[in-house]
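Below you'll find the structure, written out as structure tokens, and then a few comments.
Computed from a predicted structure; not experimentally measured. Proteins get letters first, then strands, A, B, ... in listed order; numbering begins at 1 in each.
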There are 2 protein chains.
Amino acid sequence: MTLQTPRRLKARTPLYHAGDPARDLVKLVSGVVMVFQIFEDGRRQVLDIVTAGELVHFQIEGELDHHAEALTDIEVISIPVSELTQNRAWTEFVFDQMRDRLDRERRHVALLGQKSAAERLAEFLFLLSDRLTTPLGDIELPMSRQEIADYTGLTIETVSRLFSRWLRERRLVATGRRTYRIAGCLAA
Amino acid sequence: MTLQTPRRLKARTPLYHAGDPARDLVKLVSGVVMVFQIFEDGRRQVLDIVTAGELVHFQIEGELDHHAEALTDIEVISIPVSELTQNRAWTEFVFDQMRDRLDRERRHVALLGQKSAAERLAEFLFLLSDRLTTPLGDIELPMSRQEIADYTGLTIETVSRLFSRWLRERRLVATGRRTYRIAGCLAA
DNA sequence: CGTTCTGTTGAATGTTTTCAACAGGGGTGG
DNA sequence: CCACCCCTGTTGAAAACATTCAACAGAACG
């Protein structure tokens with residue numbers, strides 16, 4: 001576990017792009033990162049939200065196949081591949097991280113494949129409530145409506161309508177500029 | 001790399017269920033396996049199709065969180081966890097397998113999140129054409145319409161309609177009972 | 001203070017689903 | 001061997017849901 005000073009990036013700056021050479025692994029020390037893919041026709045799919053302590057990607061050779069962008073101010077450290085194979089603790093850590101990611105992607109597949117718009121958005125908030133909570137227990141949502149739409153496979157209008165309805169019906173309460181609290185059943 | 005006689009299972013029999021204890025890893029020696037999840041309300045999401053040479057899951061502790069079923073007659077071998085940590089070659093193999101799976105799940109997310117019904121089914125066939133080809137180059141499709149629907153997040157009727165249309169328009173040709181050849185653009 | 005970008009809301013449209021009926025194939029038992 | 005049955009797959013019509021198009025509101029920025 002080499003000690004190094006983390007690299008700092010400001011909110012809303014790219015961490016890397018698809019096509020960049022994949023050298024070291026990247027560990028997020030603090031902040032939130034969004035991982036996404038862009039298609040030829042401009043459509044975008046948000047693949048995952050990465051939070052402090054997690055690895056951002058798992059590619060150690062070839063080119064990176066996706067983009068990563070800081071949603072908040074972040075700190076990251078690089079992990080050289082050499083560490084990975086030589087240090088047993090790192091190997092286990094990477095293995096665990098991959099399992100977590102596989103698990104999240106699996107849930108993402110289930111969310112997209114089987115759920116209605118309302119269910120998708122509810123599940124999205126629920127998934128994030130585990131990992132993006134403020135000290136007060138609210139959900140910190142550093143994403144735009146468009147980004148939420150691109151995660152849930154919906155349009156920005158559909159997302160906006162659902163938020164409006166849940167806020168109107170007090171099932172969701174805005175506790176700050178970008179923080180929410182789930183106050184009721186979001187199913188319907 | 002312990003040599004062991006593989007366990008044989010007949011087509012359409014379960015390999016394991018969600019809730020079973022996760023002990024060893026399972027490597028598929030021959031045949032095709034379908035990995036899926038079932039929800040409380042009966043909805044099913046097919047997560048992945050596993051082909052010869054690949055690992056079926058990556059859980060080494062706790063309970064398995066998904067189901068696996070043989071689509072054809074299969075042969076599997078178990079890999080004890082001890083092998084995994086002690087043998088460098090196995091460790092690398094597992095990492096590679098996890099990366100492949102992450103990659104496929106990522107594409108699955110993109111397929112479900114951003115594509116129309118026709119695009120989903122076309123992409124599904126395209127993804128499988130890499131891994132389920134007969135010696136003649138055709139796609140071997142050991143899945144029912146319902147299973148294809150549960151992979152693509154569509155209904156069985158929508159899948160049926162698209163197959164009918166593509167077969168009628170000769171963009172897809174049935175070369176056998178369950179084998180197809182892509183003969184044109186499936187986009188529309 | 002104006003401009004621009006993000007978000008909201010309404011109405012019309014379109015795609016996929018739902019509901020329903022029917023066709024076909026494979027297996028079983030007579 | 002054939003008839004029957006059950007299960008899978010197909011097709012049509014109606015309905016539901018999310019999207020598209022459009023206009024507007026409001027916040028963030030210089």
Side-chain donor or acceptor of E69(A) paired with backbone N/O of T13(A) under 3.5 Å | no
Does a side-chain N or O from S164(B) land closer than 4.0 Å to OP1 or OP2 of dT11(D), or not?
-> yes
Whole-Å distance separating the CD1 atom of I148(A) from the P atom of dA18(D) | 17 Å
Considering residues, nucleotides and ligands other than R23(B), do more than 12 of their heavy atoms fall under 6.0 Å from its CZ?
-> no
R7(A) atom CZ, over 12 foreign heavy atoms within 6.0 Å = no
Examine I156(A) and I148(A) and state if one hydrophobic cluster contains both, with Ile, Leu, Val, Met, Phe, Trp and Tyr joined whenever side-chain heavy atoms are less than 4.5 Å apart.
-> no
Answer yes or no: does a side-chain N or O of R145(B) lie under 4.0 Å from OP1 or OP2 of dT10(D)?
-> yes
Whole Å only: how far is the CG atom of L162(A) from the P atom of dC17(D)?
-> 12 Å
From OH of Y180(B) across to C1' of dG9(D) the rounded distance in Å is 10 Å
Rounded to the nearest angstrom, tell me the gap between atom CZ in R165(B) and atom P in dT15(C).
-> 10 Å
Check the distance between dT17(C)'s P and E119(A)'s CD and give it to me in whole angstrom.
-> 14 Å
Spacing between Q146(A) atom CD and dT20(D) atom C1', to the nearest angstrom | 14 Å
Identify whether any heavy atom of T158(A) sits under 4.0 Å from a base atom; if not, whether one sits that close to sugar-phosphate; answer base, sugar-phosphate or nothing.
-> base
Could you tell me whether R178(B) contacts a base, only the sugar-phosphate backbone, or nothing, with contacts defined as non-hydrogen atoms closer than 4.0 Å?
-> sugar-phosphate
Give one of base, sugar-phosphate or nothing for R120(B), where a contact means two heavy atoms less than 4.0 Å apart.
-> nothing
Would you mind reading off the distance between I156(A) atom CD1 and dT19(D) atom C1', rounded to a whole angstrom?
-> 13 Å
Mind checking whether F36(B) and H67(B) have parallel, tilted or perpendicular rings, split at 30° and 60°?
-> parallel
Between the side-chain atoms of R161(B) and the base atoms of dG12(D), is any donor-acceptor pair under 3.5 Å?
-> yes
Pick the nucleotide of DNA chain D nearest each of S160(B) and T155(A); which residue has the one closer to the 5' end?
-> S160(B)
Spacing of E157(B) atom CD relative to dA20(C) atom P, expressed in whole Å | 12 Å
